[in-house]
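First the proteins, then the strands, lettered A, B, ... as listed; each starts at 1.
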Number of protein chains: 2
Amino acid sequence: MSLENVQKSRYIMVMERIKKEIKEGHLVPGERLPSENVYAKQLGVSRATLREALRILEEENIISRKHGIGTFVNQVPVFSSGIEELNSITEMIHSAGKRPGTEVLLSKYVTPTEEDKEKLQLQDGERILLVKRVRTADDRPLVYCIDKVPARLFSEESHLLGGSLFNFLEQEAEVHIDYATADITTVGYHEDISARLKCSKKIPLLVLKQLHYSTLDKPVLYSINFFRSDQFSFNVLRKRTQR
Amino acid sequence: MSLENVQKSRYIMVMERIKKEIKEGHLVPGERLPSENVYAKQLGVSRATLREALRILEEENIISRKHGIGTFVNQVPVFSSGIEELNSITEMIHSAGKRPGTEVLLSKYVTPTEEDKEKLQLQDGERILLVKRVRTADDRPLVYCIDKVPARLFSEESHLLGGSLFNFLEQEAEVHIDYATADITTVGYHEDISARLKCSKKIPLLVLKQLHYSTLDKPVLYSINFFRSDQFSFNVLRKRTQR
DNA sequence: TTTCGCATGTTGTCTGACATCCTACATGTA
DNA sequence: TACATGTAGGATGTCAGACAACATGCGAAA
């Protein structure tokens with residue numbers, strides 16, 4: 001079977017190549033890129049292909065293009081890892097340089113609530129897999145997770161034992177998560193959850209409610225995460241939209 | 001003097017035109033767009049220009065392109081107005097269909113703290129305009145704002161009386177805000193601020209710390225906003241990045 | 001009935017040209 | 001010298017036409 005041998009499009013390869021150049025410091029913030037004609041020849045692609053790559057980088061706020069002047073690396077080339085980049089919590093902890101751990105509190109098949117049915121677009125009678133976990137970073141509790149997945153996605157009643165739910169879904173259900181809508185709120189104190197996270201009454205919790213969609217635009221995972229606010233914050237790049 | 005008579009680029013006009021078609025329902029989610037050749041002729045532009053517009057819409061998660069098949073409107077064409085779209089609080093309240101109001105608590109020129117100096121890249125001896133306000137929606141307090149602007153941006157010691165700080169900066173300082181980095185945290189209770197927002201001890205506050213940049217990539221405004229969490233939440237579209 | 005190959009239509013890529021915009025330098029004038 | 005103007009060059013923006021790579025569906029062949 002095939003896995004990563006799929007040939008990516010050229011414009012994507014070019015885009016990633018340029019991103020890499022910036023990340024590794026070969027192109028520094030404020031610097032002008034070679035002109036499109038020159039750069040296209042250097043990269044071995046046509047100018048049109050290069051332009052599609054540049055267009056994406058501009059949209060991502062990594063470069064700016066100025067008609068008649070040139071193309072420049074932004075002063076704040078945000079490679080995000082901000083909230084708008086969707087990663088599993090395992091990945092988030094990893095990229096913060098810590099060691100992720102999991103304590104599974106609950107994993108069972110249950111009848112969904114009305115809210116669950118609506119969000120996950122369930123038929124009457126369908127059941128869901130409900131998982132409750134505490135995720136740790138370097139063995140310290142960081143976030144309390146409640147995850148809900150339609151049971152129909154699994155061929156048999158499989159259970160998540162540890163690690164990334166994203167990987168689990170991909171392997172057991174052959175579902176790939178593509179994007180999610182997230183809602184950020186906060187809650188002052190929660191009897192059970194605050195205790196599980198071993199944090200005092202004074203520390204509020206950041207709440208992230210997310211509905212995850214598959215590549216086919218179907219909702220496949222509804223999750224509610226409670227973060228310790230003393231150890232976590234979300235950051236975002238915000239852009240004005242008029243041009 | 002010139003104002004909005006600047007001619008926008010064609011690819012941007014095309015992009016906005018297509019967005020409008022989707023918003024107004026002439027193109028519905030899941031529908032296939034006309035093929036590029038046909039669509040380009042319909043819109044009166046070259047295929048290359050159309051492709052640049054489509055590339056942006058794809059990046060914004062509004063359409064999906066599939067090699068050899070076609071281009072489709074996404075099931076969840078998120079026109080955001082999520083947190084990643086930067087708007088003044090005045091605009092936010094407006095677009096929620098409420099009437100924005102302002103109570104200025106403080107407006108004075110002061111010496112910046114070390115943190116302010118670093119964030120706003122101030123020289124020694126430079127001063128800042130410090131503004132503290134309570135913003136209301138339909139006369140109910142919603143958010144407590146602390147704003148800090150370098151004094152050098154103003155020709156004289158002007159003061160903000162009410163309304164949008166964004167507009168004020170544009171008119172008085174001829175500075176246009178382009179983007180901001182935001183950090184979202186929470187705080188359980190704040191003696192003074194909670195009282196000003198007329199909310200009880202049980203309601204935590206959502207805190208948004210933002211550093212705003214001008215079109216020239218210079219930091220021009222540092223602001224800290226405290227939102228009533230019972231009346232406000234942030235939503236974001238999160239995307240996976242591997243393709 | 002099943003399988004295979006091909007025609008067709010789509011997005012992806014290439015080439016070369018011209019349009020439009022901005023900068024910098026040279027030139028001319030007071 | 002100081003300032004305004006003209007001009008040449010180089011950058012991104014737009015155009016046209018062609019071919020490549022990919023996915024689908026239909027018809028012929030087994």
Side-chain angles (χ1 to χ4, degrees), chain A residues 1-18 22 27 30-74 178 215-217 242-243, chain B residues 2-18 22 27 30-74 178 215-217 243:
Chain A
M1 279 310 291
S2 76
L3 58 170
E4 302 309 320
N5 60 5
V6 283
Q7 177 79 350
K8 289 186 197 171
S9 293
R10 270 174 122 127
Y11 71 93
I12 289 184
M13 291 182 358
V14 169
M15 180 202 70
E16 288 175 346
R17 161 87 181 268
I18 299 176
I22 298 175
L27 292 169
E31 185 177 345
R32 216 196 77 195
L33 271 58
S35 78
E36 294 181 355
N37 272 313
V38 174
Y39 210 13
K41 272 177 191 160
Q42 277 184 26
L43 295 169
V45 298
S46 75
R47 209 183 134 209
T49 300
L50 171 62
R51 280 179 64 81
E52 299 220 16
L54 293 177
R55 189 61 69 207
I56 295 176
L57 293 174
E58 183 184 31
E59 188 59 26
E60 291 184 356
N61 220 264
I62 291 172
I63 62 171
S64 292
R65 328 181 71 189
K66 286 168 188 166
H67 192 175
I69 307 179
T71 303
F72 301 83
V73 180
N74 279 355
D178 193 37
T215 321
L216 303 172
D217 289 318
Q242 96 277 261
R243 288 155 196 276
Chain B
S2 75
L3 59 169
E4 304 308 321
N5 58 7
V6 283
Q7 176 81 348
K8 288 186 197 172
S9 293
R10 272 175 118 114
Y11 71 94
I12 288 184
M13 290 181 1
V14 169
M15 180 202 70
E16 289 174 345
R17 160 87 181 269
I18 299 176
I22 298 175
L27 292 168
E31 185 176 346
R32 217 198 77 195
L33 296 165
S35 78
E36 293 182 355
N37 271 314
V38 174
Y39 210 13
K41 272 177 191 160
Q42 277 184 25
L43 295 168
V45 298
S46 73
R47 210 185 133 208
T49 301
L50 171 61
R51 281 181 64 82
E52 299 218 18
L54 293 178
R55 188 62 70 208
I56 296 175
L57 294 175
E58 184 184 32
E59 189 59 27
E60 290 183 357
N61 221 266
I62 291 172
I63 62 171
S64 292
R65 326 180 72 185
K66 286 169 189 167
H67 192 175
I69 306 181
T71 303
F72 302 83
V73 180
N74 280 355
D178 193 37
T215 320
L216 304 172
D217 288 320
R243 288 155 199 275

Side chain of B/Ser46, backbone of B/Thr49: donor and acceptor closer than 3.5 Å? yes
Taken to the nearest 0.5 Å, the spacing of A/Arg65 CZ from A/Thr71 OG1 works out to 5.0 Å
For the atom pair CD1 (A/Ile56) and CD (A/Glu16), what is the distance rounded to the nearest 0.5 Å?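 Between atom CD1 of A/Ile56 and atom CD of A/Glu16 there are 9.5 Å.
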Which nucleotide in [options] has an atom nearest any side-chain atom of [X]:
| X | options | value |
| --- | --- | --- |
| B/Thr49 | D/dT14, D/dA11, C/dT11 | D/dT14 |
| A/His67 | C/dC21, C/dC22, C/dG12 | C/dC21 |
| B/Arg10 | C/dC22, C/dC14, D/dC15 | D/dC15 |

Any N or O donor-acceptor pair linking the side chain of A/Arg47 to the base of D/dG13 at under 3.5 Å?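 Counting by modelled atom types and ignoring angles, a donor-acceptor contact under 3.5 Å is found here.
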Looking at DNA chain C, which of residues 37-45 of chain A put a heavy atom within less than 4.0 Å of it?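 Per residue number, the list reads A/Val45.
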Tested for side chain to side chain contact (heavy atoms under 4.5 Å, CB included) against A/Ile62, the lone hit among A/Leu57, A/Leu54, A/Asn74 is A/Leu57
Charged N to carboxylate O under 4.0 angstrom, A/Glu52 versus A/Arg55? no
Starting at the 5' end of DNA chain C, which residue's closest nucleotide do you reach first, A/Ile69 or B/Lys66?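 Whichever sits nearer the 5' end wins; that is B/Lys66.
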With DNA chain C as reference, determine whether A/Ala48 or B/Gly70 sits nearer its 5' end, using the nearest nucleotide of each. B/Gly70
Could you tell me how far apart A/Arg32 (CZ) and D/dT12 (C1') are, to the nearest whole angstrom?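 A/Arg32 atom CZ is separated from D/dT12 atom C1' by 11 Å.
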